[in-house]
Protein chains: 2
Amino acid sequence: MAALGLRYNLVKGPAGERAKKRLIEAGLELFGRYSFDGVSTRVLADRADVNLAAIQYYFGSKEGLYQAVASHIVKKVKRWLRPALSEVERKLEEDSLTGEQCFSLLCNLLDRLTTKLLGSPDSKKWVAMVVREQIEPTDAFEILYEGLMKPIDLCLFRLVGGILGLGPQDQETKLRAYAIKGQLIIFHVSRAELKRSLNWQAYRSEELKAIRSIILDHVRAILRMPSIERGHDTIG
Amino acid sequence: MAALGLRYNLVKGPAGERAKKRLIEAGLELFGRYSFDGVSTRVLADRADVNLAAIQYYFGSKEGLYQAVASHIVKKVKRWLRPALSEVERKLEEDSLTGEQCFSLLCNLLDRLTTKLLGSPDSKKWVAMVVREQIEPTDAFEILYEGLMKPIDLCLFRLVGGILGLGPQDQETKLRAYAIKGQLIIFHVSRAELKRSLNWQAYRSEELKAIRSIILDHVRAILRMPSIERGHDTIG
DNA sequence: GTCTATAGTCGGATAGAC
DNA sequence: GTCTATCCGACTATAGAC
């Protein structure tokens with residue numbers, strides 16, 4: 001993907017804003033599901049209910065639209081994630097927290113991530129795009145990594161490190177944090193497989209509760225935090 | 001470049017098998033990385049060093065080749081996974097195993113999976129295809145699910161259930177087993193991110209050892225098995 | 001069985017009317 | 001800014017020579 005550019009930043013009238021917005025929404029919907037090559041400009045324009053030429057006009061090219069979608073994802077996800085991340089960062093800088101305090105913050109963050117990642121219908125669209133970019137990164141990977149994954153990772157590393165009594169850049173800290181993240185991601189990525197296996201129709205609040213409860217229990221065990229009684233209350 | 005007809009007999013029978021084999025290899029390589037739509041028949045034929053028309057001749061269509069690649073994956077993965085799975089199934093049917101025995105079998109299986117999934121260069125190709133099929137399933141999903149994921153899942157469920165004292169179809173069993181699987185998968189899927197974060201060049205034996213050790217430690221903690229000795233290397 | 005040539009379609013991108 | 005008409009290259013698939 002060649003670096004084409006910032007032409008979509010050109011100032012256009014208010015009507016143009018609508019077209020841009022709708023194209024980005026269509027891209028978010030379709031690129032994630034069908035991949036960049038799997039969706040044509042005609043289908044994009046059709047879904048966005050704008051003219052075919054609008055893609056070139058506003059984003060320079062199909063690739064420009066794709067990257068604009070990536071930027072949109074970052075902006076959108078940050079909107080609901082920033083409060084949680086800022087809170088953690090603020091507390092981390094106030095004073096050195098105890099392991100228990102870090103753990104409590106971690107649980108809170110994971111809870112929020114789980115709910116959004118699995119519960120929100122939007123998440124399906126953009127996580128798919130992130131996963132595709134992980135398989136075969138394009139220019140959009142940089143946008144997604146710097147704006148989205150890196151901040152989350154950093155926060156997780158500091159909390160997990162705080163619990164383990166290790167630095168946030170310590171290899172063990174990072175590996176354990178990734179493993180924890182994996183337990184969350186799997187329920188998104190293997191959604192089709194899991195629903196089939198468990199005869200679930202969708203992730204509703206019942207199912208989300210069961211998943212959250214399992215994840216928290218595991219995280220507690222992994223980080224050797226004093227465990228509450230093993231939950232059989234997870235059966236929803 | 002056309003093959004010079006030095007030995008007319010060589011051009012006939014076995015040559016077809018060679019073309020099929022090479023096309024499947026090319027498909028395995030390219031479909032996983034670039035998606036179905038991301039790779040053209042021309043590129044496939046070129047990479048396979050066969051004629052363009054060979055795809056239609058041997059597989060009916062590009063889609064036929066894609067499904068043949070899926071079947072190939074199942075066959076190939078089963079070849080190295082079957083021994084491990086059969087062994088577990090045999091032992092499970094012999095007599096009711098203790099939790100410790102189940103745990104030992106589980107560690108062994110996870111170890112084998114980790115090594116192959118993260119260490120083998122081939123795995124990168126086919127896991128990518130499986131992940132893409134999870135995002136947006138096509139007809140190939142059925143092939144991959146029935147032949148590959150289901151057998152692995154079943155085995156995991158029985159072992160995890162055996163350790164927890166629950167049935168293999170119990171919801172808690174399945175959720176915990178999935179969470180465990182997630183810890184493994186994440187190191188494959190987020191490979192790019194992780195390498196960047198840890199300054200790793202690749203997954204070499206050093207790095208694999210670190211990952212394996214973390215995963216086993218976590219599984220032990222999750223399933224409340226006594227951590228007698230760190231490392232308990234089952235297989236290299 | 002293998003390969004070339006090509007048919008028929010669809011892709012991204014553009015020119016120019018309004 | 002918006003939209004229609006269109007260019008042209010790339011795509012899958014096929015027909016038929018060898």
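Residue numbering restarts at 1 for every chain, and letters A, B, ... go by the order of the sequence lines. Atom set for the values below is all heavy atoms of this structure, side chains included, hydrogens, waters and symmetry mates excluded.
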- Query: Quick one: is S40(B) getting a side-chain N or O under 4.0 Å of the dA10(D) phosphate, OP1 or OP2?
  - Reply: no
- Distance test, side-chain N/O of T41(A) to OP1/OP2 of dG12(C), below 4.0 Å: yes
Let me know the distance between [atom1] of [X] and [atom2] of [N], rounded to the nearest Å.
| X | N | atom1 | atom2 | value |
| --- | --- | --- | --- | --- |
| L65(B) | dA13(D) | CG | P | 11 Å |
| R18(A) | dC3(D) | CZ | C1' | 13 Å |
| L23(A) | dC3(D) | CG | C1' | 14 Å |
| F59(A) | dT14(C) | CZ | C1' | 18 Å |
| Y57(B) | dC3(C) | OH | C1' | 12 Å |
| D46(A) | dG12(C) | CG | P | 13 Å |
| D37(A) | dC10(C) | CG | P | 18 Å |
| Q56(B) | dA13(D) | CD | P | 5 Å |

- Message: Here's a test of your reading of the structure: between A53(A) and V43(A), which maps to the more 5' nucleotide of DNA chain C?
- Response: V43(A)
- Query: T114(B) side chain to L110(B) main-chain N or O, any donor-acceptor pair under 3.5 Å?
  - Reply: yes
- Query: Contact class for I55(A) (heavy atom, under 4.0 Å): base, sugar-phosphate, or nothing?
  - Reply: nothing
- Counting any heavy atom closer than 4.0 Å, what does V39(A) reach on the DNA or RNA strands: base, sugar-phosphate only, or nothing? sugar-phosphate
Might you point out which heavy atoms bring [X] and [Y] nearest each other, and give the distance in Å?
| X | Y | answer |
| --- | --- | --- |
| F157(A) | T173(A) | O-CG2, 3.3 Å |
| H72(B) | L28(B) | CD2-CD2, 4.1 Å |
| D139(A) | Q67(A) | CB-NE2, 3.6 Å |
| L198(B) | K174(A) | CD2-CD, 3.4 Å |

- On DNA chain D, check which nucleotide each of R42(A) and E63(B) is closest to and give me the residue with the more 5' one. R42(A)
- Note on the structure: Out of dC3(C), dC11(D), dC3(D), minimum distance to the side chain of N51(B) belongs to dC3(C)
